[in-house]
Amino acid sequence: MSRDLSRAAFARAKTLLPGGVNSPARAFGGVGGEPVFFRRAEGPFLFDLDGNRYLDYVLSWGPMILGHAHPEVIAAVEDAARKGTSFGAPTEAESELAELIIDAVPSVEKVRLVNSGTEAAMSAVRLARGFTGRPLIVKFAGNYHGHVDSLLVAAGSSAATLGVPNSPGVTEGAVRDTLLLRYNDPAGVEEAFQRYGSRIAGVIVEPVAGNMGCVVGRPEFLSALRGQTERHGAVLIFDEVMSGFRVAYGGAQARFGVTPDLTVLGKIVGGGLPLGVYGGRREIMDHVLPAGKVFQAGTLSGNPLATAAGIATLKILRDTDPYPALERISQRLASGLEAAAAAAGVPHHVGVCGAMLTLFFSPRPVTDWDSAAACDVKRFARYFWGLIERGVYLPCSQFEALFLSAAHTTAQIDATLAAAGEVFRDGALCE
Ligand code: KE4
């Protein structure tokens with residue numbers, strides 16, 4: 001495939017934007033080479049500047065569960081735009097979207113709309129601290145909640161240590177009250193609460209992790225979180241920016257039957273426009289200004305275009321229930337990839353939940369960050385490039401999940417599996 005126009009566009013972008021991108025996830029850092037620049041997208045397809053078509057399993061990192069440019073979503077955004085793009089004043093669309101979210105997500109009685117998952121997670125953490133009057137926040141290695149200073153922490157020296165910054169610009173002070181634990185480790189959760197319980201404001205967790213690749217929170221882990229936070233009066237926050245409206249219409253909390261106190265949403269809920277949400281128990285949410293004293297604000301929060309896209313998207317998901325079909329094509333892809341890797345004798349493990357999954361190049365199950373980090377990322381890179389050359393666009397990192405949409409067909413899944421089989425058979429992955 002020729003990608004000369006992408007190459008030229010990237011050369012120009014690098015003179016204007018750090019690394020030539022507006023988010024590092026797009027820079028192909030995990031697979032080498034240069035990112036592809038796209039002109040348009042439709043249904044399950046992306047079309048690059050050079051006219052190449054790709055079957056898209058990134059879907060804007062999750063939002064496009066209906067497929068790209070869904071006509072009803074586009075019409076809703078066009079209609080809203082003609083009436084003005086932002087008022088900085090209340091609109092009924094914000095209440096309509098709020099009602100859809102409250103009806104769908106078990107933990108949510110009230111919501112606040114913001115502009116990104118990062119903003120939603122940051123606000124939920126501040127709210128947990130404001131509501132409890134306590135300082136400590138627990139997070140898990142391998143979980144990502146956006147670029148919130150206090151949540152950009154690396155593992156400390158032992159299992160339950162106060163975090164150390166994992167980015168320049170994040171100060172020791174910013175992470176002093178962040179406790180980093182191992183994902184899927186109920187004993188570690190119990191130990192942390194025995195040691196710090198009375199000081200823990202909240203726990204934030206991806207109930208289905210997507211940011212170390214797809215790793216599902218085990219029932220005993222999620223119930224330990226629910227039990228320990230209840231026992232110690234801490235706030236349980238489910239970060240469902242990725243899993244929300246994806247693994248079920250009500251998110252992981254509906255799928256697993258574990259109800260947090262607060263939920264963070266993004267991606268799908270905005271239909272591909274900038275929108276994040278935090279919401280949960282009324283008695284907690286009513287601490288947010290101006291109902292309460294916990295400050296949070298935003299010029300474009302709940303803006304007419306993002307709410308129009310979100311309302312249209314959630315109504316289609318609610319009324320058409322694509323989840324059984326998504327489950328079927330996701331399982332078909334997962335088992336097909338497992339079969340292709342096994343036939344080639346390539347060590348592998350598949351993490352899958354609903355319409356998100358990851359093929360890990362690992363000889364053992366991937367259940368936490370340590371086992372994810374041990375994956376053969378060079379082999380992943382060869383797999384990624386083998387597929388992109390065959391018109392299949394995967395997330396450009398072993399530590400991301402791939403996503404399916406209601407626009408993906410069984411025939412396209414089978415074509416993907418045929419391409420994967422070729423990539424595995426051509427030997428590049430067997431070295
Ligand atoms: P945003 O600020 O990017 O809208 O959301 C941050 C966020 C919060 N929580 C979870 C579970 C997330 O997955 C994300 C963002 N996910 C990444 C992909 N792994 C977005 C891609 C990017 O950063 O460009």
Side-chain angles (χ1 to χ4, degrees), residues 13 17-31 35-36 38 56-65 105 112-125 137 139-153 166-167 183 202-217 237-247 251-253 260 262-279 296 298 300-301 303 306 309-310 351 353-358 369 372 393-403:
L17 308 168
V21 291
N22 281 305
S23 186
R26 310 170 190 168
F28 279 29
V31 293
V36 182
F38 294 101
D56 181 18
Y57 287 101
V58 178
L59 295 173
S60 182
W61 302 99
M64 311 319 295
I65 194 167
V105 184
R112 172 58 65 84
L113 307 181
V114 294
N115 300 281
S116 70
T118 294
E119 196 181 348
M122 173 177 71
S123 307
V125 162
I137 290 289
K139 80 169 292 278
F140 297 90
N143 278 197
Y144 173 67
H145 308 290
H147 60 94
V148 195
D149 269 14
S150 62
L151 300 180
L152 289 179
V153 291
N166 74 355
S167 165
Y183 193 78
V203 175
I204 187 167
V205 65
E206 291 180 61
V208 178
N211 290 287
M212 50 180 148
C214 182
V215 177
V216 184
I237 306 167
F238 272 11
D239 179 343
E240 297 223 44
V241 166
M242 203 180 267
S243 56
F245 299 102
R246 174 160 287 283
V247 302
Q253 57 196 270
L262 292 178
T263 297
V264 174
L265 297 166
K267 296 183 192 279
I268 291 171
V269 74
L273 268 70
L275 194 143
V277 181
Y278 66 104
Q296 183 267 308
L300 297 175
S301 293
N303 78 79
C353 186
M356 60 191 279
L357 67 93
T358 299
W369 172 243
Y393 191 71
L394 295 179
C396 50
S397 166
Q398 171 70 98
F399 309 120
E400 294 285 359
L402 75 74
F403 302 105

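Values in this document were obtained by computation on a predicted structure and should not be read as measured data. In each ligand, atom 1 is the first atom listed, and ligand 1 is the first ligand listed.
Of the protein's non-hydrogen atoms, Ser23 OG, 2.6 Å is the one closest to atom 24 (O) of ligand 1. Counting protein heavy atoms only, atom 17 (C) of ligand 1 is closest to Lys267 NZ, 3.6 Å. For atom 21 (C) of ligand 1, the closest non-hydrogen atom of the protein is Trp61 CG, 3.7 Å. Closest to atom 4 (O) of ligand 1 among all protein heavy atoms lies Gly117 N, 2.9 Å.
With a 4.0 Å cut-off on non-hydrogen atoms, Glu206 touches ligand 1 through its side chain and not its backbone. Of all the heavy atoms of Glu119, none lies under 4.0 Å from any atom of ligand 1, so neither backbone nor side chain is involved. Residue-level proximity to ligand 1 for Asn211 is carried by the side chain, the only part with a heavy atom below 4.0 angstrom.
Considering backbone and side-chain N/O of His145, none are found under 3.5 Å from N/O of ligand 1.
Taking every non-hydrogen atom of Thr118 and a distance limit under 4.0 Å, the qualifying atoms of ligand 1 come out as 1 (P), 2 (O), 5 (O), 6 (C). Listed by number with element, the atoms of ligand 1 under 4.0 Å from a non-hydrogen atom of Ala25 are 21 (C), 22 (C), 24 (O). Close contacts of ligand 1 with Gly146, meaning ligand atoms under 4.0 Å from a residue heavy atom, involve 6 (C), 7 (C), 8 (C).
There is a protein heavy atom closer than 4.0 angstrom to atom 13 (O) of ligand 1.
Atom CD1 of Ile204 is separated from atom CG of Leu262 by 9.0 Å, given to the nearest 0.5 angstrom.
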